[in-house]
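Please read the structure below before turning to the comments.
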There are 2 protein chains.
Amino acid sequence: MLIAPKKNQYALRAIFELAKQQGKGPTKVSDIAKAQSIPVRFLEVILNQLKGSGLLEAKRGFYGGYLLVREPDKITVGDIFQFMEGRKASVSCVTCDSESDCPFHGDCVFSKMWNRVKDAVFTVFNETTIQDLIESEKKQTKVI
Amino acid sequence: MLIAPKKNQYALRAIFELAKQQGKGPTKVSDIAKAQSIPVRFLEVILNQLKGSGLLEAKRGFYGGYLLVREPDKITVGDIFQFMEGRKASVSCVTCDSESDCPFHGDCVFSKMWNRVKDAVFTVFNETTIQDLIESEKKQTKVI
DNA sequence: CTACTTCCTGACAAATAAGGTCAGGAATTT
DNA sequence: AAATTCCTGACCTTATTTGTCAGGAAGTAG
């Protein structure tokens, strides 16, 4: 049961990391990569794409890097995943790749269930903000 | 967002078809395949695996085929998917392939969210019985 | 200006998983 | 015994995911 491909999870972690660094000026890709153990080159590609979401901005050159342009409590996990999914032609029925592809002409018994599942998943995503995750981490940290 | 691979969806559709044929004796793989547009050879493999779930039985020879051994209103979609997933080492954190694989030692902020997602998905699966699907189909059928 | 650092971009390569096939064998029924 | 069905494991193909690379563009410091 794969719900989000690694790429999307990297996107989430990157934004999570940016949120933690907020107020400290731009954060370099290499720093984000290190903090979240993400392959740098790959992350470069992902962050570049994420610019299109309007959630973050890039600054080049010395002291360059990425920074969030929206408050962490206004960014939901759903925002991020929806954007990442949107890049690759979203799917109406979860079962089939397209309606024309569906042997039951887009009207199968299962599509209703799949939509309920999709809704359930995005309900969780939409009610989880980056701020929530940050606070959750603070509580979780064990001071061994 | 891939929630169930085609193989699992074929499994569901096959059982759905068997439920519709209940009481009429064993149904041949080839008939199920035709009714649900599933590649025969592939379905053969899937049904054979599904025997292990205890939901169905096979009969060989002339007039052979598969039949359900549990009532359609006692079989949930969750039963089917859980069995299919179970075959390939279930995953604790949805993010990582294994805890040892997790760069955050199985204790990342995200695992909680993933578990909530997983629960939400299986709630839908577990409350949907094969009987529900059959009735849903009856209503849906248009008499154009 | 120039050297340095950073992001940017598209093309490309490798690994993995999914989807599907095949041949031959084992039961079962007529 | 002949026909029919399921059974089984090994195999192949394709698609997706995951990443890599080289070179360029933009910004900053000195």
Side-chain angles (χ1 to χ4, degrees), chain A residues 1-14 18 21 25-34 36-52 56-67 81 84-85 87-89 91 94-98 101 103, chain B residues 1-14 18 21 25-34 36-52 56-69 81 84-85 87-89 91 94-98 101 103:
Chain A
M1 187 173 64
L2 213 169
I3 288 170
K6 256 182 180 150
K7 186 176 180 182
N8 295 10
Q9 303 191 29
Y10 288 159
L12 169 60
R13 293 223 296 249
L18 278 177
Q21 304 302 329
T27 312
K28 287 184 288 182
V29 175
S30 56
D31 288 344
I32 302 172
K34 206 176 293 170
Q36 294 291 330
S37 17
I38 302 171
V40 197
R41 300 286 205 175
F42 198 20
L43 183 57
E44 239 170 51
V45 174
I46 294 167
L47 282 172
N48 190 38
Q49 292 180 354
L50 270 174
K51 271 190 309 178
L56 42 77
E57 270 176 6
K59 269 203 150 43
R60 300 203 229 195
F62 213 101
Y63 295 134
Y66 282 90
L67 20 85
F81 287 165
M84 295 303 283
E85 298 253 315
R87 299 182 53 79
K88 26 169 44 179
V91 177
V94 187
T95 311
C96 310
D97 292 342
S98 70
D101 170 51
Chain B
M1 185 172 65
L2 213 170
I3 289 169
K6 254 178 183 157
K7 186 176 180 183
N8 295 12
Q9 303 191 28
Y10 289 159
L12 169 59
R13 294 225 295 248
L18 278 177
Q21 304 301 330
T27 311
K28 286 185 289 184
V29 175
S30 54
D31 289 343
I32 301 172
K34 206 176 294 170
Q36 295 289 330
S37 17
I38 302 170
V40 196
R41 299 287 204 175
F42 197 22
L43 183 57
E44 238 169 54
V45 174
I46 295 167
L47 282 172
N48 188 37
Q49 291 181 353
L50 271 174
K51 273 190 307 178
L56 43 77
E57 270 176 5
K59 267 201 151 42
R60 298 204 229 194
F62 213 102
Y63 294 134
Y66 282 91
L67 20 84
L68 284 188
V69 298
F81 287 164
M84 294 303 283
E85 298 254 314
R87 300 181 54 78
K88 27 171 39 179
V91 175
V94 187
T95 310
C96 311
D97 291 343
S98 71
D101 171 51

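Naming: A, B, ... by sequence-line order, numbering from 1 per chain. All values below were derived from every heavy atom in this structure, side-chain atoms included, with hydrogens, water molecules and symmetry-related copies excluded.
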Could you grab the distance from atom [atom1] of [X] to atom [atom2] of [Y], nearest 0.5 Å is fine?
{"X": "Ile32(B)", "Y": "Arg13(B)", "atom1": "CD1", "atom2": "CZ", "answer": "12.5 Å"}
{"X": "Leu18(A)", "Y": "Glu57(A)", "atom1": "CG", "atom2": "CD", "answer": "12.0 Å"}
{"X": "Met84(B)", "Y": "Ile46(B)", "atom1": "CE", "atom2": "CD1", "answer": "6.0 Å"}
{"X": "Asn8(A)", "Y": "Lys6(A)", "atom1": "CG", "atom2": "NZ", "answer": "12.5 Å"}

When the distance from CD of Gln9(A) to P of dG19(D) is rounded to whole Å, what number comes out? 11 Å

State, to 0.1 Å, how close [X] and [Y] come at their nearest heavy-atom pair, and which atoms those are.
{"X": "Pro26(B)", "Y": "Lys59(B)", "value": "CG-CD, 4.3 Å"}
{"X": "Leu43(A)", "Y": "Ala14(A)", "value": "CD1-CB, 3.9 Å"}
{"X": "Leu67(A)", "Y": "Gly25(A)", "value": "CD2-C, 3.9 Å"}

Which nucleotides of nucleotides 25-30 of chain D have their base under 4.0 Å from a protein heavy atom (B), which only their sugar-phosphate (S), and which neither (-), written as one string 5' to 3'? BSBSS-

Bend angle of the helix from dC1(C)-dG30(D) to dT30(C)-dA1(D), from helix axes over five pairs at each end, nearest 10°: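 That helix has its two terminal axes inclined by roughly 10°.
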
Looking at Gln9(A) and Ala4(A), would you say the former's side chain and the latter's main chain have a donor-acceptor pair under 3.5 Å?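 Flag set: sc Gln9(A) to bb Ala4(A) pair under 3.5 Å.
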
Does a side-chain N or O of Asn48(B) approach OP1 or OP2 of dC6(D) to a distance below 4.0 Å, or not?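 No, Asn48(B) has no side-chain N/O under 4.0 Å of OP1/OP2 on dC6(D).
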
Look at the side-chain N and O atoms of Lys51(B) and state whether any lies under 4.0 Å from the OP1 or OP2 oxygen of dT8(D).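 For dT8(D), OP1/OP2 do have a side-chain N/O of Lys51(B) under 4.0 Å.
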
Write down the protein N/O and nucleotide N/O pairs, taken from nucleotides 19-22 of chain C, whose separation is under 3.5 Å; answer none if there are no such pairs.
unit_1: dG19(C); atom_1: OP1; unit_2: Lys6(B); atom_2: N; d: 3.3
unit_1: dG19(C); atom_1: OP2; unit_2: Lys6(B); atom_2: N; d: 3.1
unit_1: dG19(C); atom_1: OP2; unit_2: Lys7(B); atom_2: N; d: 3.4
unit_1: dG20(C); atom_1: OP2; unit_2: Tyr10(B); atom_2: OH; d: 3.0

Hey, which of Thr27(B), Leu50(B), Val29(B) is the one that makes side-chain contact (heavy atoms from CB on, under 4.5 Å) with Tyr66(B)?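 That would be Val29(B); it is the only one of Thr27(B), Leu50(B), Val29(B) passing the side-chain contact (heavy atoms from CB on, under 4.5 Å) with Tyr66(B).
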
